[in-house]
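Here is the structure we will look at, set down as structure tokens.
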Amino acid sequence: MNHTQTTFSSSDDDAGTMTTAQQSVASGNSTSMGPTLGGSRHWRDVFWLGIFLLHLVVVGLALGVLGLNRFRKKDRLNIDQYTNRFLENQAGLTEDYWPLYAIAGAISTVIGWIWLLLLGSHSNQMMKVSVHLLTTYLAVLSVLCFWGKFFFWGVAFAIGSGLQFLYVISVIDRLPFTMLVLQRAVKMVWKLPEVMRVACVFMLVMLMWLGLWSFGAAGVVASSIGDSGRWWLLVVFSVSLFWTGAVLCNTVHVIVSGMVFLVLIHGGREAATMPRNPLLQSLRYAITTSFGSICYGSLFTAAIRTLRWEIRGFRSKIGNNECLLCCVDFLFHIVETLVRFFNKYAYVQIAVYGKSFNHSARDAWELFQSTGVEALIGYDCSGAVLLMGTLLGGLITGTCAVIFTRIKHPDREMMMGSTAILMGMVLVGLAMVVVESAVTSIYICYAEDPLLIHRWDPEFFNQMSETLHQRLQHRSSRVREGLSQNRLPDHIQETITV
């Protein structure tokens, strides 16, 4: 009986959500947007800002020491006396590997700039290449790793290829709508050249940090410590690089989101009501009062998003396997709870309102659920498609690094290749995040006031509204189906009524 009551409650909630969303789309009543860019703001999530800056100082010092210890002279700082018990390899020099990292950084930068240049004219083709080529590329890398007797990497790439294939199959029906959203997002950012310049500037900033990071990583690869010790050091530095790269990407996300949000609200870049220097204001807030929130969200958001995409894809294809569906639903509800407090849409709220990260994430998710737009977001795979492009760029960079390393240092090729993959993903991700920022801003504006999207692109508004209506109908039909399957027999219902 409790289960039946819960299901009926779910049906009522869904019906209410559906009604709210349809009214919002039909009437487009403007909601109160609250304060936008401008005015004074309070510093948010200062603790995480301090942690991130402290982490940069500690990691930067460690990288400098490890790189300098092997620069032009072996054991320049006499560090080997503290690691005598771990010495297992012939020591090299930092400059043996540092130029190889420089080549990897140059390749990934070129890939990132090519993405930015081709997004305006060939965005649809570029996205399709990312989706379909990644599976094949992972499979080829798996075969090459087995052929080179790197069995761990062969298994890892094979699993990655299999998961990628299964995910694409599970969301193949969603790709047309996803491509539509991405095309409109590219249309938006391509008309804002200053946004492209911001991405290029942050890529240069990332390259400067990668200069120090690769200097220390080259010192680790060149050290005489055993393979396990070097791998552990590289893992620690890779986690640091991932966080630093995510912080820079999300800083760009906040800057671009604030700009796109203002363009949609004021009806165009050249509108008379547009505030002066909106990009500079957004940049100022992103690197000062809101930077702590960006540092905090960058720690967890990417991992939770990726897990949610995979679970959603598999959940839609399970069918009637009750045991497996129960397990997946359990994981799904855990991830959905986390998404409520860690989602990428928080960065739009941070850019516009200056809230803390958890407050922004919660408000954004409640906005989507109250208007029904959450059903549309769950159907859209634009973030996953952009991630595929980022992974592909990283894998191409890593492959080039392995080829160059194999010529002179064949025993260190996988260390160089794996770390070069991460470098490539970070730099290409800085190009991809421009489009993702526009996507998140479009959804926030559609949930706040659908007429903003109608004023910007009426045809796209109609397509979004039609898809939202279909998704809400699909969700409602699933609830009714669950009700009919769990309905109690008539004589029991009569007993309960009496």
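Values below: every heavy atom of this structure, side chains too, minus hydrogens, waters and symmetry copies.
Checked against S298 for a side-chain hydrogen bond (donor to acceptor under 3.5 Å, both in side chains), the options T251, N250, T244 give a single hit: N250. The only member of F357, F261, F368 that meets ring-ring contact (aromatic ring centres under 6.0 Å, His included) when paired with Y345 is F368.
T390 places a side-chain N or O within donor-acceptor distance of the main-chain N or O of L386, the cut-off being under 3.5 Å. At least one donor-acceptor pair closer than 3.5 Å links the side chain of S142 to the backbone N or O of G154. S257 contributes no side-chain N or O that, together with a main-chain N or O of V254, makes up a donor-acceptor pair within less than 3.5 Å. When atom types are taken as modelled, the side chain of T419 and the backbone of M416 share a donor-acceptor pair closer than 3.5 angstrom. Here the side chain of Q349 pairs no donor or acceptor atom with the backbone of K355 at under 3.5 angstrom. With hydrogens and angles disregarded, a donor-acceptor distance shorter than 3.5 Å links the side chain of T440 to the backbone of S437. At distances below 3.5 Å, at least one donor-acceptor pair connects side-chain atoms of S223 with backbone N or O atoms of V220. Side-chain atoms of N343 come within 3.5 Å of backbone atoms of A361 as a donor-acceptor pair (strictly under, hydrogens ignored). Using a distance-only test at 3.5 Å, with no hydrogens or angles considered, a donor-acceptor pair links the side chain of W243 to the main chain of C295.
Side-chain contact between R44 and I350 is absent, with no heavy-atom pair separated by less than 4.5 Å. M259 has its side chain out of reach of I255: every pair of non-hydrogen atoms, C-beta onward, lies at least 4.5 Å apart. For the pair F150 and E413, the minimum side-chain heavy-atom distance is below 4.5 Å. Looking at heavy atoms from C-beta onward, L367 lies in side-chain contact with E448 at the 4.5 angstrom threshold. Taking the side chain as every heavy atom from C-beta outward, W153 and S418 approach each other to under 4.5 Å. By the 4.5 Å heavy-atom criterion applied to side chains, Y296 and I51 are not counted as neighbours. Looking at heavy atoms from C-beta onward, L279 lies out of side-chain contact with L283 at the 4.5 angstrom threshold. The side-chain heavy atoms of R184 and Q463, taken from C-beta on, include a pair separated by under 4.5 Å.
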Quick one, W209 with L56, criterion side-chain contact (heavy atoms from CB on, under 4.5 Å). Give me CA distance, side-chain angles, the key distance, then yes/no. CA-CA 10 Å; W209 175 255; L56 283 184; 3.9 Å; yes
Between V155 and F146, does a side-chain contact (heavy atoms from CB on, under 4.5 Å) hold up when you go through it step by step? CA-CA 8 Å; V155 171; F146 281 121; 3.8 Å; yes
Could you walk me through whether W48 and I294 satisfy the side-chain contact (heavy atoms from CB on, under 4.5 Å) test, starting with their C-alpha distance in whole Å, then the side-chain angles of each, then the deciding distance to 0.1 Å, before giving a yes or no? CA-CA 9 Å; W48 291 101; I294 295 171; over 6 Å; no
Given the rule in the side-chain contact (heavy atoms from CB on, under 4.5 Å) test, do V198 and V434 qualify, once you have shown the distances and angles that lead to the verdict? CA-CA 9 Å; V198 167; V434 175; over 6 Å; no
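One distance of note links NE2 of H132 with CD of Q164; it measures 10.0 Å at 0.5 Å rounding. Separating the CG atom in L392 from the CG atom in L134 is a distance of 6.0 Å, to the nearest 0.5 Å. Taken from CG in L391 to CD1 in I421, the straight-line distance is 9.5 Å, to the nearest 0.5 Å. For the atom pair CG (L427) and OG1 (T397), the distance works out to 8.0 Å, reported to the nearest 0.5 Å. Note that the OG atom of S240 and the CG atom of L63 stand 7.0 Å from one another [nearest 0.5 Å]. Between the CG atom in L430 and the CH2 atom in W113 there is a gap of 12.0 Å [rounded to 0.5 Å].
Between I444 and A364, the shortest heavy-atom contact is CD1-CB, 4.1 Å. The minimum heavy-atom distance between V181 and Y443, with the atom names listed, is CG2-OH, 3.7 Å. A pairwise comparison of heavy atoms in V428 and G389 identifies CG1-O, 4.1 Å as the closest pair. Across T178 and Y379, no two heavy atoms sit closer than the pair OG1-O, 4.5 Å. Scanning both residues, S238 and L422, for their nearest heavy atoms gives O-CD2, 3.2 Å.
Between R174 and D380, none of the side-chain N atoms (NZ, or NE/NH1/NH2) sits under 4.0 Å from a carboxylate O, so this pair counts as no salt bridge. For E436 and K344, the salt-bridge test passes: some basic side-chain N is under 4.0 Å from an acidic carboxylate O. Note on K408 versus D96: no salt bridge recorded, every NZ/NE/NH1/NH2 to OD/OE distance being 4.0 Å or above.
For the 3.5 Å distance criterion, the side chains of D45 and S356 fail to qualify, holding no donor opposite an acceptor. For the 3.5 Å distance criterion, the side chains of T405 and Y97 fail to qualify, holding no donor opposite an acceptor.
Under the salt bridge (charged side-chain N to carboxylate O under 4.0 Å, His left out) criterion, E194 pairs with R269, not counting sequence neighbours.
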Donor-acceptor list for residues 103-112 side chains, cut-off 3.5 Å, not counting sequence neighbours:
residue	atom	partner	partner atom	Å
S108	OG	A104	O	3.0
S108	OG	G105	O	3.0
T109	OG1	G105	O	2.7

Let me check something: any side-chain donor-acceptor pairs from residues 211-219 under 3.5 Å, sequence neighbours excluded? List them with distances.
residue	atom	partner	partner atom	Å
W213	NE1	F237	O	2.9
S214	OG	W98	NE1	3.0
S214	OG	L210	O	2.7
S214	OG	G211	O	3.2

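Cation-pi check for R41 over Y285 is met; the charged atom lies under 6.0 angstrom from the ring centroid and within 45 degrees of its normal.
Using bins of under 30°, 30° to 60° and over 60° for the plane-to-plane angle, the ring pair F52/H55 lands in the tilted bin. Using cut-offs of 30° and 60° on the angle between ring planes, the pair Y347 and H253 is tilted.
Atom CH2 of W456 has more than 12 heavy atoms from other residues, nucleotides or ligands within 6.0 Å.
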